[in-house]
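Heads up: the structure comes next, in structure tokens.
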Amino acid sequence: MPVNATLAQVTQRIIERSRDSRGLYLKRLEAQRVDGAKRARQSCANLAHAFAAAPANDKLLLREQRAPNVAIVSAYNDMLSAHQPLQHFPEIIKRAVREAGATAQFAGGVPAMCDGVTQGTAGMELSLWSRDVIAQATAVALSHDVFDAALMLGVCDKIVPGLLIGALTFGHIPTIFVPAGPMTSGLSNDEKAKVRQLYAEGKVGREELLEAEAQAYHGAGTCTFYGTANSNQMLMEVMGLHLPGSAFINPGTGLRDALTAEAARRAVGLTKLAGDYTPIGHVIDERAIVNGIVGLLATGGSTNHTIHLVAIARAAGVIINWTDFSDLSAVVPSMCRIYPNGKADVNHFHAAGGLGFVIRELLDAGLLHEDVKTVAKASLRAYAQEPTMENGALAWKPAPARSLDETIVRPVATAFTPDGGMKLMQGNLGRAIFKASAVKPEHRVVEAPCRIFHDQAEMQAAFRAGELDRDVVVVVRYQGPRANGMPELHKLTPPLAVLQDRGFKVALVTDGRMSGASGKVPAAIHVSPEALVGGPLRLLRDGDVVRVNGDTGELQALVNAADWAARNAETPDLEANSWGCGRELFAISRANALTAEEGAVSWMA
Ligand SMILES: O=C(O)[C@H](O)[C@@H](O)[C@H](O)[C@H](O)COP(=O)(O)O
Ligand code: SF4
């Protein structure tokens, strides 16, 4: 199937724009490749240190340098329900690698933050930077440089982007991502959101709220809404870095463990020593990045990937921007309705046909690049399958020929909407992102006087005091990367949703972020340039009428041009955001951050 004309055009535009940076990246990749085992380049002392504590049979293999050595980089901790199952993965991996005649070493752990635990707290102001810390920690783990392949164990928001960015600086190493899978379904996300709104209105107490939350988030595995963590899983499938269909298999099942073991064996098989050399820097190229954007749009994935995917692409020498997302959104249909874009969760989505169905549909419609490198040692067509156990052994079968629930996932031909529901907003307030797929059509256009806040807690206090019970555009500014680390302002969703349910026209405009789980309320987010660095958002005054038009993409302060041009603004005191909860340690990240549209990258000189 020839690829869609817009897909081809956007891909070619990205290839042209990235010619120099991608050329340099590939040159550096080649400079790091070696024939044979990586260890051959190490001095005896370096090598001896690397296997000093290895078990005897591994030590012999490591010393002889004939068998591949696989790095395990893990984001296990007990704080993220999605990462807790990773605790036992290294044992499964080492056993499988040994059976394949090779060795595996736990190369290093990386930190992982649960955005659900830090949502609305000072910790959330470290969240974005944790992505780059994870990238650096991944590089530290791989810097031992005795590895022929790598397995990345991580799931959640900043962790997969960080692991991938780090792994791409070792682009010569074949790398596979190994997920833990979603927790089983508990209280529905919709029911959970309803209890939150009742709590925001003071109609239920903390006990009822905590009970609802505990029933929603009840066990090990990824939270079941389609937020950034589960958008990461989709990306790892559509960019060819998972074994096909690994994304949404629940932890603690035989199939999950079989997939983990098979990923270990496959990593051995992708090395130069084994003959099928497939370095990650060749898997992640311009077409893989475009496939990632298409997958994000078709499934209604997290707005955070209009930042993280930009940073990931940059790590591979590929330069993308929000116009690429917007142009692709115009031709990629919305095929899924998974919370917050609908009532279903990822378990229901998987049961209805899941990513295998979506990928096959998009391939058949020419909306994905099929001829790409993947860790499946096959084209992207291999990802139109799903894993299963046959007679106790792992096998793959074609994804369902049709959707098993068209309220959750539909074919391209009868998609929910013909476009991907990710709108680029533009106007005299800057450029921003608007996720239309999570907002009912009747709520997508708001024109109202604005009320300005410099802190999300101030907004919640004003709501509780009844000061927002009207048509209002709530502006929360000085929330950009350089101001305070660009936190997610997801705690504002319940009060804004209450106002919307009361019949008011409400919208949010911020240079901060929202959660991938945010929906229902129209929001122009990631406003760039941010207020702190002179972005026009800083010129707004309480009462100015602001137009947020999620259909046309207009983000406009309706202030006459002469008045607007004559305005200036004082920068508020942000000292309170510079310390406490470790924020002192991230001053350099804030000071160095690129814009949201450039991936809010903090590692580049
Ligand atoms: O981008 C995301 O998907 C969010 O960061 C998500 O990981 C976060 O945990 C939300 O806060 C969860 O939603 P609730 O806060 O509604 O539980
Ligand atoms: S999905 Fe979000 S809330 Fe759930 S474990 Fe991951 S980071 Fe935490």
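Values below: all heavy atoms of this structure, side chains included; hydrogens, waters and symmetry mates excluded. Remember, it's 1-based here, ligands and their atoms both numbered in the order they're listed.
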Subject >> Atom pair CZ/CG of R583 and L126 - distance to nearest 0.5 Å >> reply: 8.0 Å

Original post:
Quick one: do E208 and K192 make a salt bridge, cutoff under 4.0 Å?
Top reply: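 A salt bridge is absent here (no side-chain N lies under 4.0 Å from a carboxylate O).
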
Which of the atoms of ligand 1 are close to [X], meaning less than 4.0 Å from one of its heavy atoms?
X: G227; result: 3 (O)
X: T228; result: 1 (O), 2 (C), 3 (O)
X: Y217; result: 13 (O), 14 (P), 16 (O), 17 (O)

Using distance alone, determine whether [X] and ligand 1 share an N or O pair under 3.5 Å.
X: E213; value: no
X: S302; value: no
X: A229; value: no
X: D157; value: yes
X: G116; value: yes

I want to confirm something. Looking only at heavy atoms, which of [options] is nearest to [atom]?
atom: atom 16 (O) of ligand 1; options: R196, M124, Q119, K491; value: R196
atom: atom 1 (S) of ligand 2; options: S127, G516, A229; value: A229
atom: atom 8 (C) of ligand 1; options: D115, L80, T118, N304; value: D115

Original post:
If you measure from each non-hydrogen atom of D157 to ligand 2, which part falls under 4.0 Å: side chain, backbone, both or neither?
Top reply: side chain

**OP:** May I ask you to check whether C114 brings an N, O or S atom to under 2.8 Å from atom 8 (Fe) of ligand 2?
**Re:** yes

